[in-house]
Number of protein chains: 2
Amino acid sequence: MLRLSKKVEYAILALQFISNKDDKFATAKEISDSLEIPFEFLSKSLQTLMKKGILESQLGVRGGYQLARSPNKITIQEVIVALEGRSGLVDCTYKKSNETCDKIETCLLKNPMAVLQNRINSIFKQTTIAQLSGEVKN
Amino acid sequence: MLRLSKKVEYAILALQFISNKDDKFATAKEISDSLEIPFEFLSKSLQTLMKKGILESQLGVRGGYQLARSPNKITIQEVIVALEGRSGLVDCTYKKSNETCDKIETCLLKNPMAVLQNRINSIFKQTTIAQLSGEVKN
DNA sequence: CGATAATACGATTATTTTAGTCGCATTTTA
DNA sequence: TAAAATGCGACTAAAATAATCGTATTATCG
Ligand code: SF4
Ligand code: SF4
């Protein structure tokens with residue numbers, strides 16, 4: 001509980017890798033080898049990030065992935081939402097709107113949880129890919 | 001991902017319930033009925049909280065549970081640690097010391113993750129049972 | 001043109017974690 | 001001494017996560 005999924009952790013590692021490596025495209029193979037991440041598993045995440053506009057891809061032989069925008073414009077929160085589609089400490093703070101709790105009318109924990117959720121979210125919104133490596137480098 | 005387990009959510013609900021109800025002991029049955037939580041499942045958590053010094057229990061017929069200390073001295077973080085034994089966004093921030101990642105030497109994400117982890121933890125450390133209901137009451 | 005190196009994508013399986021249940025023992029009180 | 005409660009350990013069920021497989025498509029380069 002309160003864990004980042006491997007999907008997200010790998011994606012963040014990959015984005016950091018791509019961000020650090022300046023030259024044009026990084027291939028999924030290169031990333032997975034370098035970071036010791038399962039290739040197929042990573043690939044799917046990269047494809048998702050591409051569809052969500054966080055990465056750009058180039059098909060074919062000299063292909064690969066690159067960031068779709070500056071790393072300081074990519075937040076961890078965006079990555080989480082792109083890959084998980086939602087995020088929520090409890091049912092009533094899930095973003096997928098059909099996932100609401102049946103105790104929601106009477107529950108005294110609902111509001112306090114919403115507050116906590118906002119605080120958590122703001123942490124991930126504040127953190128960008130650039131900051132991850134940047135704090136040492138810059 | 002990034003979810004509170006039911007175990008913890010139920011426990012927080014229960015602590016809130018016990019805190020709101022002033023008269024001596026609350027029974028597990030009473031709590032589980034009132035909050036619509038599986039009795040057996042809740043009981044185990046209450047027993048754990050008791051062993052960890054967050055609740056006090058009274059055996060036998062007029063028995064039940066009460067807070068071991070003032071609700072403003074019980075943090076959500078304590079409850080999480082009591083029930084989960086650990087908490088960590090990623091392997092390298094787990095508190096169970098044997099759960100360390102084999103990439104830990106080279107990983108560029110380790111330090112940034114530790115920072116995030118601290119921020120998350122501090123949110124849960126700052127939040128007490130008293131605050132949950134208290135914000136309206138006090 | 002055709003081999004090759006790459007992404008794209010859906011389906012499936014395996015593993016782990018979470019959630020919930022069961023049965024029985026113990027304690028206390030009326 | 002019956003009843004109402006907690007205490008505990010083992011077990012099972014369900015869901016989420018992690019990983020794999022198979023195949024199609026696309027682009028480059030010789
Ligand atoms: S409404 Fe209450 S019980 Fe339902 S998910 Fe939110 S906090 Fe949990
Ligand atoms: S060391 Fe890096 S890869 Fe290992 S758990 Fe920590 S962040 Fe993840």
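Chain A is the first sequence line, chain B the second, and so forth, proteins listed ahead of strands; every chain is numbered from 1.
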Salt-bridge contact B:E56-B:R69 (side-chain N to carboxylate O under 4.0 Å): no
When you compare the side chain of B:L15 with that of B:L55, does any pair of heavy atoms fall below 4.5 Å? yes
Between C:dT16 atom P and A:M1 atom CE, what is the distance in whole Å? 21 Å
Between A:V8 and A:R62, which has a closest nucleotide on DNA chain D that is more 5'? A:V8
Where each residue is assigned the nucleotide of DNA chain D containing its nearest heavy atom, which of B:S43 and A:S5 is assigned the position nearer the 5′ end? B:S43
For the side chain of B:T27, counting heavy atoms from C-beta on, which of C:dA19, D:dA5, C:dT7 is nearest? D:dA5
Please state how far atom CD in B:E84 lies from atom P in C:dT18, giving the value in whole angstrom units. 6 Å
Name the nucleic acid region contacted by B:F25, choosing base, sugar-phosphate or nothing; use a 4.0 angstrom heavy-atom cut-off, strictly under. nothing
Return whichever of A:L2 or A:F39 has its heavy-atom-nearest nucleotide of DNA chain C closer to the 5' end. A:F39
Would you kindly compare A:V61 and A:K44 by the position of their nearest DNA chain C nucleotide and give the one closer to the 5′ end? A:V61
Decide, yes or no, whether a salt bridge links B:E78 with B:K125 under the criterion of side-chain N to carboxylate O below 4.0 Å. no
Taking atom C1' of C:dA19 as reference, at what distance in whole Å does atom CD of B:E36 sit? 17 Å
Which one, C:dG20, D:dT20, C:dT7, comes nearest to the side chain of A:F41? D:dT20
In whole Å, I'd like the distance from the CD atom of B:E56 to the P atom of D:dG7. 12 Å
If you check every side-chain atom of B:P38, which of D:dA27, C:dT21, C:dT28 has the closest atom? C:dT21
Please give, in whole Å, the distance from C:dT7 P to A:K51 NZ? 15 Å
A:D33 CG to C:dA5 P: how many Å, rounded? 14 Å
Tell me the interatomic distance from B:K24, atom NZ, to C:dT29, atom C1', rounded to whole angstroms. 15 Å
Thinking salt bridges, do A:D91 and B:K6 make one under a 4.0 Å N-O criterion? yes
Below the 4.0 Å mark, does C:dG10 have OP1 or OP2 next to a side-chain nitrogen or oxygen of A:Q47? no
Respond yes when some side-chain nitrogen or oxygen of A:K7 is under 4.0 Å from OP1 or OP2 of D:dA16, and no when none is. no
Is the NZ atom of B:K21 crowded by more than 12 outside heavy atoms at less than 6.0 Å? yes
Provide, to the nearest angstrom, the distance between the NZ atom belonging to A:K6 and the C1' atom belonging to C:dT15. 13 Å
Give a yes/no answer on whether the side chain of B:Y10 brings an N or O atom under 4.0 Å of OP1 or OP2 in C:dG20. yes
